[in-house]
Amino acid sequence: MTVFPIDKFEGLQTPFYYYDMLLLEETLSTLRNEAQKYDFHIHYAIKANANDRILHRICQYDFGVDCVSGYEMEKALEVGFPADGIFFAGVGKSDWEIELGLNHDIACFNVESLAELEVIHQLAEKVGRKAKVAFRINPNVRANTHHYITTGLDENKFGIGLSELEKVISRMQQMKFIQFEGIHFHIGSQITELDSFKELCLRINELQDWFIAKHLFPKIINVGGGLGVDYEDPDSHPIPDFSAYFKIFKEFLETKPGQEVHFELGRSVVAQCGNLISRVLYVKEGAKKRFAILDAGMTDLIRPALYQAQHRIDNISGFNGDKVRYDVVGPICESSDCFGKALDLPEMKRGNIVAIRSAGAYGEVMVSNYNLRKTPDVYFSDTI
Ligand code: LLP
């Protein structure tokens, strides 16, 4: 459970991100131990948090890394991930990004369309090296999550539709500079109903048979990421249940000898170790509601505004008065700049420090400078 050094926070300018490095370490070692039980391969989805210190820690665990831009590949290389652990995904890869991947001979391009495959092939021919590819297949599996972060349905822009697959495969079989490595899936993010993953496994089993009938052996089965975290009660579940998650794949995914199962986890690795620390600026009595106005806003953590995400808000100034109902809002000139509506929280006073919890994933990486706001500072539990 994260303990906040409130005396140290008092003198700091808010808002800032605060990372519990011990919790990160415990999460990483649990993840590694659970994955090792089944010989599963883990790639960290760098998009979730690309802070240098966080990445250096993750890098010590010998995981691969899932990148979705050339900049993420550059960052991964800079912090020490080996090129043969880089998996490059994304629906719109630019030529320079593909060239970067080819020049470093990365582990795999996760290809999203026939048009992209053609470009990768041309560029691979130019550098005279085979590009290793996996096909991202849209399995049309519904993940029960927010519609903005569901990705595996026919109407989503991601992956190659089942109806297109035949065409893509037969074209690939004519290509000299493409090496087929496997198949890739990702059905969405913040998935807490593990049954969705079971459904994914069953769909993959069917597809595997289809590939093998075409004399193509997928060496890599990449099942993507998506394991959710407990935003309501991070203290009860600081480490996601990796054990239950992996068991689903062990039980339902039919693997063949020589096959590797890969996972691309972002949120479940870093969400719970991060917190956005903010001060209460004002408590304002509106005509119909009472507002607690913080100095952190949607520019510092956009998830509530963008996905109606609810992050737990704790008043860590040690003030435990009676509960009062608030809309907790930020200072940005947008009505969506709201961290929560009608929350019953211990009474807040100007100057109280609050922790917006579970902000380690898709928090700091999605900061913007709208309203010309400053990028929040960052502190770590072991160096503060
Ligand atoms: N693999 C692929 C292909 C992905 O698109 C993603 C996330 C991941 C892996 C990692 O998923 P995770 O384990 O973190 O669920 N900004 C949103 C989440 C966007 C997720 C994008 N893709 C949010 O704040 O909820």
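Atoms within each ligand, like the ligands themselves, are counted from 1 in listed order. One-based numbering along the sequence shown.
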Output the list of atoms in ligand 1 that are nearer than 4.0 Å to some heavy atom of [X], sorted by atom number.
X: Gly225; answer: 9 (C), 13 (O)
X: Gly266; answer: 12 (P), 13 (O), 14 (O)
X: Ala45; answer: 10 (C)
X: Leu265; answer: 13 (O)

What part of Ser189 sits under 4.0 Å from ligand 1 if we count only heavy atoms: the side chain, the backbone, both or neither?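 Answer for Ser189: both.
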Specify side chain, backbone, both or neither for Asp66, according to which of its non-hydrogen atoms lie closer than 4.0 Å to ligand 1.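 Side chain only.
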Going by an N to O cut-off under 4.0 Å, is there a salt bridge joining [X] and [Y]?
X: Arg57; Y: Glu25; value: yes
X: Asp62; Y: Arg32; value: no
X: Glu72; Y: Lys75; value: no
X: Lys93; Y: Glu112; value: no
X: Glu251; Y: Lys198; value: no

Will you find, in the side chains of Tyr362 and Gln190, an N or O donor that is under 3.5 Å from an N or O acceptor?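 The criterion, which ignores hydrogens and geometry beyond distance, is not satisfied for Gln190 and Tyr362.
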Please determine, by modelled atom types, if Tyr370 and Glu334 share a side-chain donor-acceptor pair under 3.5 angstrom.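 Side chains of Tyr370 and Glu334: pair found under 3.5 Å.
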Just to be sure I'm reading this right: ignoring hydrogens, which of Glu264, Arg136, His184, Lys47 gets closest to atom 6 (C) of ligand 1? Compare them by their nearest heavy atoms.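 The residue whose heavy atom sits nearest atom 6 (C) of ligand 1 is Lys47.
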The one among Met366, Gln190, Arg267, His186 that brings a heavy atom closest to atom 11 (O) of ligand 1: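 Checking each option, the heavy atom nearest atom 11 (O) of ligand 1 is found in His186.
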Is there at least one pair of N or O atoms, one from Tyr362 and one from ligand 1, spaced under 3.5 Å apart?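 Yes; at least one N/O pair falls below 3.5 Å.
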For ligand 1, is there an atom lying under 4.0 Å from some heavy atom of Gly226?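 Yes.
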